[in-house]
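Okay, so here's the structure we're looking at.
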Amino acid sequence: MKPGYRLVIVDKAGVLVSEFQLTEAALAQPEAFVSALKQAVEDVEEEEV
């Protein structure tokens with residue numbers, strides 16, 4: 001695994017929804033990370049409907 005951070009998003013049942021590998025370089029570009037995170041949340045919301 002690359003050095004950095006992992007952000008794992010699971011639903012209420014504990015099922016993996018999305019996983020992000022965050023490096024220092026990725027954290028230096030918060031707009032791109034926030035955009036990907038918003039898209040993951042929207043995808044989950046669409047599946048729940």
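The figures here come from the full heavy-atom set of this structure, side chains too, leaving out hydrogens, waters and symmetry mates. These numbers come from a predicted model, not from an experiment. All residue numbers refer to positions in the sequence shown, counting from 1.
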May I ask whether Y5 and L37 are part of the same hydrophobic cluster, defined by side-chain heavy atoms of I, L, V, M, F, W, Y residues being less than 4.5 angstrom apart, directly or through others?
yes
Pairs satisfying side-chain hydrogen bond (donor to acceptor under 3.5 Å, both in side chains), at least one member in residues 27-41, at least two apart:
Q39-D43
Residue pairs passing the salt bridge (Lys or Arg N to Asp or Glu O under 4.0 Å) test with at least one member in residues 16-30, sequence neighbours excluded, are R6-E19
Hydrophobic cluster (4.5 angstrom, side-chain heavy atoms) - remaining members for V15:
none
